[in-house]
Peer 1: 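My questions all concern the structure below.
As the structure is a prediction and not an experimental result, all values here were calculated from the model. Reckoned from all heavy atoms, side chains included, excluding hydrogens, waters and symmetry mates.
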Amino acid sequence: MSFAGPKEIIAEGDTVVLYLTPALMHTIDAVPQIRNKKNEMIEYVFQTSFGALKVRDLVGVRYGSRVQLTKGWAHVLQPNPELWTQTLPHRTQILYTPDISMILYQLEVRPGSVVIESGTGSGSLSHYFLRAIRPSGHLHTFDFHEERVAKAREEFVAHGLGDNVTVRQRDVCEQGFGDELNGVADAVFLDLPAPQLAVPYAAKALKNEGGRICSFSPCIEQSMRVCEALGKCGFIEVQNIEVLQVEDCVRTRNVPVMELDFLKTKRTETDGKDMKTPRESKKYITSTAPNTMAGHTGYLTIAELPPLFAR
């Protein structure tokens, strides 16, 4: 139950992030034994590029501590959605923090919100939703793939989030979200091959007081089809957003100070031939844009459904 709330000590069964370098992290379960390919229980020894770790030694260790490996050391961290996104097992392509932060902002997700998500995928965005809506909110997440649904449900329970999420297997483009969810959602998120087919069902699922919808589309043609469907279903304030993350390069530079004293006196032919004075320089912290930047990930199509009396 590592995601449910802050903890100090690692308990058996916790999900732990093993931090080696900023670009090298692993997520492991703090259990003393695992089952091998022969279906036999063996001691859990996790191999890293800095050596092996006996996982049973993590139980009882304080989060944030440094643990010894056979060829080095690592830190053990309590997982959060940001770390989980970087280390989770990929069952599908996932969304990352730049897009996710904009999605949460545009959907106005807050504690107590009821959110519908389709599809679940690897559960990257789901963990952000759950952190935002807990403790009284609820996430209804859908995926058409049976194995992915079972694995996501298992992960949510293992992470201590099972009470705030319901995972269902369904093709929402054909079957919708179900009559039981009509008029209950504050926000709907779509990440589907044909999201325009699910827009009418999303309109039914949003509350009578209104709500917001966001669709992730990798290409502009798909986003255009979503915009047309949103207009037909009564959504307003439709907008498209592309999130591009740019990292500024901050460095210290020495800038020479221009000496202008020679303008005050008349210069003779012998001046400066026998002696050269060193030029003064000052240090400044500067920021410049990189030569290249991250490419396109996708378009976020956002819209709002007005209250029932205004539709």
Peer 1: Dump the intermediate steps for side-chain contact (heavy atoms from CB on, under 4.5 Å) on V76 and V17, then the final yes or no.
Peer 2: CA-CA 6 Å; V76 286; V17 175; over 6 Å; no

Peer 1: Give me the ring orientation class for H138 and H140: parallel if the planes are under 30° apart, tilted from 30 to 60°, perpendicular past 60°.
Peer 2: tilted

Peer 1: Can F189 be reached from L181 by stepping across I, L, V, M, F, W or Y side chains whose heavy atoms are under 4.5 Å apart?
Peer 2: no

Peer 1: For R131, give me all partners under salt bridge (charged side-chain N to carboxylate O under 4.0 Å, His left out), at least two apart in sequence or on another chain.
Peer 2: E82

Peer 1: Could you tell me whether the side chain of I100 reaches within less than 4.5 Å of the side chain of S124, counting heavy atoms only?
Peer 2: yes

Peer 1: Just verifying a value: how many Å separate R170 CZ and Y201 OH, rounded to the nearest 0.5 Å?
Peer 2: 10.5 Å

Peer 1: Begin from the C-alpha positions of F177 and F142 and carry the test ring pair (Phe, Tyr, Trp, His ring centres under 6.0 Å) through to its verdict.
Peer 2: CA-CA 8 Å; F177 301 110; F142 295 82; 5.4 Å; yes

Peer 1: Determine, step by step, whether Y63 and D14 satisfy the side chain to side chain donor-acceptor pair (under 3.5 Å) criterion, reporting the C-alpha distance in whole Å, the side-chain angles of both residues, the deciding distance to 0.1 Å, and the verdict.
Peer 2: CA-CA 11 Å; Y63 279 107; D14 279 359; 3.0 Å; yes

Peer 1: Identify, with sequence neighbours excluded, every residue that meets salt bridge (charged side-chain N to carboxylate O under 4.0 Å, His left out) alongside D191.
Peer 2: none

Peer 1: By ring pair (Phe, Tyr, Trp, His ring centres under 6.0 Å), which residues pair with F129, not counting sequence neighbours?
Peer 2: none

Peer 1: Between P111 and R134, is any pair of side-chain heavy atoms under 4.5 Å apart?
Peer 2: no

Peer 1: Applying salt bridge (charged side-chain N to carboxylate O under 4.0 Å, His left out) to R56 and E43, what does each step give before you reach the verdict?
Peer 2: CA-CA 8 Å; R56 68 166 64 248; E43 184 179 10; 3.5 Å; yes

Peer 1: For H127 and F3, take the angle between the two ring planes, folded into 0 to 90°, and tell me which bin it lands in: parallel under 30, tilted 30 to 60, perpendicular over 60.
Peer 2: tilted

Peer 1: Check whether any side-chain heavy atom of R251 sits under 4.5 Å from a side-chain heavy atom of T286, and report yes or no.
Peer 2: yes

Peer 1: Look at the rings of H159 and W84 and say which category their plane angle falls in: under 30° parallel, 30 to 60° tilted, over 60° perpendicular.
Peer 2: perpendicular

Peer 1: Which class fits the ring pair H90 and Y96: parallel under 30°, tilted 30 to 60°, perpendicular over 60°?
Peer 2: tilted

Peer 1: Find out whether F235 and I213 are in side-chain contact, i.e. whether some heavy atom of one side chain is under 4.5 Å from a heavy atom of the other.
Peer 2: yes

Peer 1: Hey, is E154 close enough to K151 for a salt bridge, meaning N to O under 4.0 Å?
Peer 2: yes

